[in-house]
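Below, all heavy atoms of this structure are taken into account, side chains as well, without hydrogens, waters or symmetry copies. Lettering follows sequence order; numbering is per chain, from 1.
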Amino acid sequence: MNKIEFMETLKNSLVQAGVSDIEEILSEYEEHFIFKMADGFSEEEVSLKLGDPKELAKQFIQDEPKKIVKKKNRFFTGLGLAFLDIFIACIFISLFAGVLVITAVAVSSATAGILLITKMNIASLIPVMPYKSAVLFAVAFLALAILMFITAVYGFMWFKQLIVSYARFHKNCMAKASNEAVYPAKATFLQINGKLKRTLRVTILASLVIFVIALITAYILSAFDAKSFEFWHVWEWFQ
Amino acid sequence: MNIQYKKGVIELCIFSLLYKADRYGYDISEYLSKHIDISDGTVYPILRKLKSEGLVTTYLCEESGGPPRKYYKLTKTGREAYLKDRQEWLDFVDTVHELIKEADDE
């Protein structure tokens with residue numbers, strides 16, 4: 001008897017016997033064939049050693065009053081999960097919006113920085129100031145852009161991890177309800193290796209420090225130039 | 001040996017294997033058919049019965065290269081059931097041994 005004949009006979013006998021979860025049983029024997037044949041046995045040898053499929057099918061017959069309970073279980077778990085999905089979807093959407101905002105801040109800071117440093121003044125968006133103040137403000141903006149960009153990337157990665165983790169949880173809940181085997185849970189926190197993590201952390205810290213220093217220096221310098229603590233009034237920024 | 005009789009003993013053997021460590025179906029089947037004269041396929045119906053009785057649970061483990069393997073793990077009830085069955089078996093074997101010896105002496 002080859003593998004196909006064995007599996008067919010087993011399947012038919014199981015169906016006849018009214019056994020439930022036939023697919024799960026079949027997959028176990030399927031796996032057995034794969035392992036055994038990897039050890040160099042022929043299909044005929046494997047099925048001979050497995051035993052008569054009709055006899056095996058009989059051994060799967062048990063009292064099965066659990067079937068109805070199981071269906072009920074599946075229904076309620078599915079219903080509960082559907083409500084949970086709606087709730088989780090709201091959280092995910094807000095999280096995603098948050099990450100988008102951070103990305104937008106990163107992009108606009110980078111643009112402002114580049115405009116300042118290259119003396120390009122598109123649509124007169126950049127207010128009047130001496131070039132050395134502009135350069136310092138530009139450095140502050142670029143540092144902020146890097147900071148926000150890394151935060152956004154972190155955010156996106158974490159977001160993805162959360163979705164994967166929730167999907168796994170969802171799948172496992174249904175599997176548990178129908179008494180099937182479950183996969184190990186996925187982590188909800190980020191999986192970044194040590195070296196990359198250190199690099200990112202150092203970059204974040206450095207850009208934060210540069211941002212603060214550049215901003216303060218720019219303020220002091222501008223205040224000196226304009227001879228006023230509120231230099232923006234002297235340079236008539238908001239008029 | 002009588003198949004029903006054997007099934008009970010195999011159940012005990014599976015328990016003892018799982019008591020030490022989690023194993024996947026094929027692993028159990030291979031191990032037992034090496035030591036006991038049973039057909040390889042017999043283990044799976046027993047595993048399923050143990051599962052439906054809540055004595056073992058299963059979980060999937062993703063191996064590198066190849067489909068995920070289904071591991072069997074003893075539940076708390078399963079562990080308790082094993083320790084009880086084990087003692088019963090040992091007592092039973094002792095009694096049978098004594099009975100046989102007495103019969104031989106007569």
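- For B:R79, the CZ atom is densely surrounded, since the number of other residues' heavy atoms within 6.0 Å is greater than 12.
- Below 30°, between 30° and 60°, or above 60°: for B:Y26 and A:F35 the angle between ring planes is below 30°, a parallel geometry.
- Around CZ of A:F141, the count of heavy atoms belonging to other residues, nucleotides or ligands within 6.0 Å does not exceed 12.
- Heavy atoms from other residues, nucleotides or ligands lying under 6.0 Å from NZ of A:K11 number 12 at most.
- When all heavy atoms of B:P45 and A:L56 are compared, the pair lying nearest together is CG-O, 4.2 Å.
- The local environment of CG in A:L196 is crowded, with over 12 non-hydrogen atoms from other residues, nucleotides or ligands closer than 6.0 Å.
- To the nearest 0.5 Å, atoms NZ (B:K51) and CG (A:D21) are separated by 7.5 Å.
- Within a 6.0 Å radius of CG in B:D37, no more than 12 heavy atoms belonging to other residues, nucleotides or ligands are found.
- In summary, the aromatic rings of B:Y59 and A:Y183 are positioned with their centroids too far apart to meet the 6.0 Å limit.
- Rounding to the nearest 0.5 angstrom, the gap separating the OG1 atom in B:T42 from the CD atom in A:Q59 is 5.5 Å.
- A distance of 7.0 Å separates OG of B:S29 from CG of A:L50, quoted to the nearest 0.5 Å.
- Of the two parts of B:Y72, only the side chain, counted from C-beta on, holds a non-hydrogen atom closer than 4.5 Å to a non-hydrogen atom of chain A.
- Here CG of A:N172 is found 8.5 Å from CG of B:L60. Values are rounded to the nearest 0.5 Å.
- Residues A:V19 and B:R48 are in side-chain contact: their nearest non-hydrogen atoms beyond the backbone lie under 4.5 Å apart.
- The candidate with the highest count of non-hydrogen atom pairs below 4.5 Å against chain B, out of A:E31, A:E24, A:K36, is A:K36.
- Neither the backbone nor the side chain of A:L48 has a heavy atom closer than 4.5 Å to any heavy atom of chain B.
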Kindly indicate, with the supporting measurements, whether the criterion salt bridge (charged side-chain N to carboxylate O under 4.0 Å, His left out) is fulfilled by B:E62 and A:R168. CA-CA 13 Å; B:E62 288 155 307; A:R168 176 57 62 88; 3.6 Å; yes
